[in-house]
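The structure displayed is predicted, hence computed values, not measured ones.
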Amino acid sequence: MLNNKTIAVVIPAFNEEKQIKMVLDSIPAYIDRIIVINDSSQDHTAAIVQRYIDQDKVDYSNDLIKPTEIEKNIFNQADIIAQELIAKEKQKLIPCEIYNKTPEKNRVILINHHKNGGVGAAVANGYHWCKVNNIDCTAKVDGDGQMDPAELELICKPVIYEDIDYVKGNRLIHRSSKLIMPGIRYFGNSILSIMTKIASGYWQVSDTQTAFTAISKKSLHGINLDKLYKKYGYPNDMLVKLNIIYSSLKEVEIKPIYNVGEKSTMKIFKLIPRITFLLFKSFIKRLVVKYFLRDFHPLFLFYLLALILFIIDIPYFLELIRNFMHKGEVTADNWLIVFIFLTIASLQSLFFAMWMDIQDNQRLYKY
């Protein structure tokens with residue numbers, strides 16, 4: 001505990017038999033629970049964690065504050081429904097089972113997936129356990145050793161002491177990031193960070209692919225975990241979902257760590273197109289839910305106007321291309337004048353919408 005608030009660490013693991021014990025051994029003592037989600041590993045990951053649990057004879061049952069049962073009356077129907085939604089959410093997650101016979105007494109909890117679901121699906125099941133057990137601050141650490149558990153305090157403190165909703169590490173602001181991070185990773189991360197800024201509304205955020213994070217109980221309960229993207233793009237999807245529920249965000253500097261025995265299966269050139277499509281859908285959803293259905297904002301109209309003008313502009317652009325291909329030049333006729341007008345108008349609407357978007361979301365980013 002820190003400041004009398006419970007802290008848990010979620011560790012997704014897939015074929016991490018060489019790294020997982022090192023990660024578990026390095027988790028600081030103030031962490032109350034360690035939830036390892038074995039994503040149907042084909043190696044000895046599960047057996048190593050099981051042995052770790054069986055060898056720990058300490059009873060940790062007093063470390064957690066049991067959730068208060070809701071008394072049914074006419075005033076708290078909404079709270080009761082919220083509790084029921086958590087139970088229904090579990091049914092939509094990847095099927096799994098808890099290895100621990102007495103999980104309330106164990107510090108390390110092992111959740112075994114019945115099938116491989118992806119890192120996002122593993123994190124969702126770990127987060128769900130923390131929801132059910134009323135954890136105040138839930139951090140996330142990878143099982144491959146690429147995150148320094150000594151930095152967990154940096155990640156968790158803003159949630160515990162400053163009431164920040166979501167804290168994420170940022171490797172790109174570390175002075176050695178360009179020297180340590182593989183060039184292709186650095187480039188891909190930068191591209192995805194730019195797109196995530198636009199899609200999520202957190203315009204100041206960077207290093208969007210790092211998943212060294214901590215989330216508050218309030219924000220965790222505000223997210224539908226069964227809707228969380230199941231693969232590598234889940235940190236990007238998470239940011240959009242957090243923005244929709246007005247979660248505050250803070251970044252802290254962390255070390256980039258590579259070459260510690262990890263074995264990455266990430267294919268950056270396959271990942272970028274997939275996450276680009278995810279972010280486009282998430283961007284549309286954020287605008288519709290946050291700025292049209294929930295609380296109408298003029299920026300929705302400016303984004304919509306920019307899109308409409310751009311679509312209308314396409315035939316004029318194609319006609320100019322056709323004329324250029326046939327005549328070898330573009331003459332100053334009505335087609336060109338309309339094209340220029342529509343292009344300028346659409347860009348003006350887009351930039352004004354983005355400016356309003358930045359202004360509205362600036363309050364959510366904390367320094």
Side-chain angles (χ1 to χ4, degrees), residues 5-10 33 35 65 67-68 70 75-94 120-140 155-156 158-168 196 199-203 205 208 211-230 233-251 278-279 281-297 357 360-366:
K5 293 186 178 180
T6 53
I7 307 173
V9 171
V10 170
R33 289 295 186 275
I35 301 93
I65 301 172
T68 304
I70 300 174
F75 301 109
N76 58 13
Q77 186 67 22
D79 293 329
I80 295 171
I81 293 175
Q83 286 292 94
E84 293 173 350
L85 288 176
I86 294 177
K88 291 179 181 179
E89 178 183 77
K90 176 65 176 176
Q91 300 171 6
K92 300 177 183 178
L93 299 177
I94 294 292
V123 170
N125 259 318
Y127 277 172
H128 181 82
W129 189 95
C130 295
K131 261 190 187 184
V132 172
N133 288 275
N134 210 37
I135 299 295
D136 293 310
C137 174
T138 302
K140 185 267 176 184
I155 297 289
C156 293
V159 175
I160 298 297
Y161 294 101
E162 303 173 35
D163 290 326
I164 302 295
D165 295 314
Y166 193 68
V167 181
K168 61 178 292 297
T196 305
S200 70
Y202 293 114
W203 290 84
V205 77
T208 54
F212 197 0
T213 61
I215 187 171
S216 69
K217 179 169 62 176
K218 182 186 74 173
S219 286
L220 187 58
H221 280 258
I223 292 174
N224 294 325
L225 295 174
D226 56 295
K227 303 295 185 182
L228 188 64
Y229 190 70
K230 292 179 172 56
Y234 90 89
N236 312 80
D237 187 36
M238 189 76 171
L239 287 171
V240 179
K241 287 176 166 52
L242 288 167
N243 186 276
I244 290 175
I245 61 173
Y246 300 94
S247 295
S248 57
L249 179 144
K250 184 174 184 176
E251 291 186 289
L278 167 68
L279 289 174
K281 293 191 300 180
S282 299
F283 172 67
I284 298 300
K285 181 178 180 180
R286 178 174 71 89
L287 294 184
V288 172
V289 173
K290 187 175 179 181
Y291 294 117
F292 181 70
L293 297 177
R294 183 177 297 164
D295 185 13
F296 182 77
H297 194 289
D357 203 359
D360 184 64
N361 287 285
Q362 195 167 11
R363 59 200 163 102
L364 298 179
Y365 191 89
K366 307 298 181 180

Undergrad: Run the side chain to side chain contact (heavy atoms under 4.5 Å, CB included) test on Trp129 and Asn125 for me, step by step, so that the C-alpha distance in whole Å, both residues' side-chain angles and the decisive distance to 0.1 Å come before the verdict.
TA: CA-CA 6 Å; Trp129 189 95; Asn125 259 318; over 6 Å; no
Undergrad: Do Thr213 and Tyr166 make a side-chain contact, defined as non-hydrogen atoms from C-beta onward lying under 4.5 Å apart?
TA: yes
Undergrad: Which pairs of donor and acceptor atoms, one on a side chain in residues 244-251, lie under 3.5 Å apart (sequence neighbours left out)?
TA:
from: Ser247; atom 1: OG; to: Ser219; atom 2: OG; distance (Å): 2.8
from: Ser247; atom 1: OG; to: Leu242; atom 2: O; distance (Å): 3.4
from: Ser248; atom 1: OG; to: Asp165; atom 2: N; distance (Å): 3.0
from: Ser248; atom 1: OG; to: Asp165; atom 2: OD2; distance (Å): 3.2
from: Lys250; atom 1: NZ; to: Glu162; atom 2: OE1; distance (Å): 3.2
from: Lys250; atom 1: NZ; to: Glu162; atom 2: OE2; distance (Å): 3.4
from: Glu251; atom 1: OE1; to: Ser206; atom 2: N; distance (Å): 3.4
from: Glu251; atom 1: OE1; to: Tyr365; atom 2: OH; distance (Å): 2.6
from: Glu251; atom 1: OE2; to: Lys168; atom 2: NZ; distance (Å): 2.9
from: Glu251; atom 1: OE2; to: Asn170; atom 2: ND2; distance (Å): 3.3
from: Glu251; atom 1: OE2; to: Ser206; atom 2: N; distance (Å): 3.2

Undergrad: What is the distance from atom OH of Tyr229 to atom CG of Leu279, rounded to the nearest 0.5 Å?
TA: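 Between atom OH of Tyr229 and atom CG of Leu279 there are 10.0 Å.
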Undergrad: I want to check something: taking the side chain as every heavy atom from C-beta on, are Phe292 and Leu287 in contact at a cut-off of under 4.5 Å?
TA: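 No - every pair of side-chain heavy atoms lies 4.5 Å or more apart.
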Undergrad: With a 4.5 Å limit on heavy-atom distance, are the side chains of Met238 and Ile215 in contact?
TA: yes
Undergrad: Return the minimal non-hydrogen interatomic distance between Arg294 and Lys290, and the atom names on each side.
TA: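 That closest heavy-atom pairing would be CB-O, 4.1 Å.
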Undergrad: What's the shortest heavy-atom distance between Gly201 and Asn361, and which atoms?
TA: O-CB, 3.0 Å
Undergrad: What's the spacing between Leu364 CG and Ile164 CD1 if we round to 0.5 Å?
TA: 10.5 Å
Undergrad: Looking only at heavy atoms, which two atoms of Lys131 and Ile223 are closest? And how far apart?
TA: NZ-O, 2.9 Å
Undergrad: For residues 79-86, tabulate all N or O donor-acceptor pairs below 3.5 Å that involve a side-chain atom, not counting sequence neighbours.
TA:
none

Undergrad: If you compare all heavy atoms of Cys130 against all heavy atoms of Ile35, which two are closest, and at what distance to 0.1 Å?
TA: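 Taking every non-hydrogen atom into account, SG-CD1, 3.8 Å.
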Undergrad: So, does Lys366 use its side chain to make a donor-acceptor pair with the main chain of Arg363 at under 3.5 Å?
TA: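 Yes.
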Undergrad: Within this structure, what is the CG-CD distance for the pair Leu93 and Gln91, rounded to the nearest 0.5 Å?
TA: 10.0 Å
Undergrad: Tell me if a side-chain donor or acceptor on Glu89 pairs with a main-chain N or O of Leu225 at a distance below 3.5 Å.
TA: yes
Undergrad: If every non-hydrogen atom of Ala124 is compared with every non-hydrogen atom of Leu228, which pair is closest and at what distance?
TA: CB-CD2, 4.4 Å
Undergrad: Holding to ring pair (Phe, Tyr, Trp, His ring centres under 6.0 Å), I want the full list of residues that pass it with Phe296, two or more places apart in sequence or in another chain.
TA: none
Undergrad: Just by distance, no angles: are the side chains of Ser200 and Asn243 close enough, under 3.5 Å, to form a donor-acceptor pair?
TA: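 No pair is found: no donor N or O on one side chain lies under 3.5 Å from an acceptor on the other.
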Undergrad: Tyr291 versus Asp357: any side-chain heavy-atom pair under 4.5 Å?
TA: yes
Undergrad: Determine, step by step, whether Asn133 and Arg33 satisfy the side chain to side chain contact (heavy atoms under 4.5 Å, CB included) criterion, reporting the C-alpha distance in whole Å, the side-chain angles of both residues, the deciding distance to 0.1 Å, and the verdict.
TA: CA-CA 10 Å; Asn133 288 275; Arg33 289 295 186 275; over 6 Å; no
Undergrad: Applying the side-chain contact (heavy atoms from CB on, under 4.5 Å) criterion to Thr6, which one of Thr138, Asp136, Ile160 satisfies it?
TA: Asp136
Undergrad: Where is the tightest heavy-atom contact between Tyr234 and Ala211, given as atom of each residue plus distance?
TA: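 Closest pair (atom of Tyr234, atom of Ala211, distance): OH-CB, 3.2 Å.
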Undergrad: Please identify each residue that fulfils salt bridge (charged side-chain N to carboxylate O under 4.0 Å, His left out) with Lys5, with sequence neighbours left out.
TA: Asp163
Undergrad: Kindly write out the residues that satisfy ring pair (Phe, Tyr, Trp, His ring centres under 6.0 Å) with His221, not counting sequence neighbours, or none if the list is empty.
TA: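 His221 satisfies ring pair (Phe, Tyr, Trp, His ring centres under 6.0 Å) with no other residue.
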Undergrad: Among all residues two or more places apart in sequence or in another chain, which pass the salt bridge (charged side-chain N to carboxylate O under 4.0 Å, His left out) test with Lys241?
TA: Asp237
Undergrad: Do Asp360 and His297 come within less than 4.5 Å of each other through their side chains, counting heavy atoms only?
TA: yes
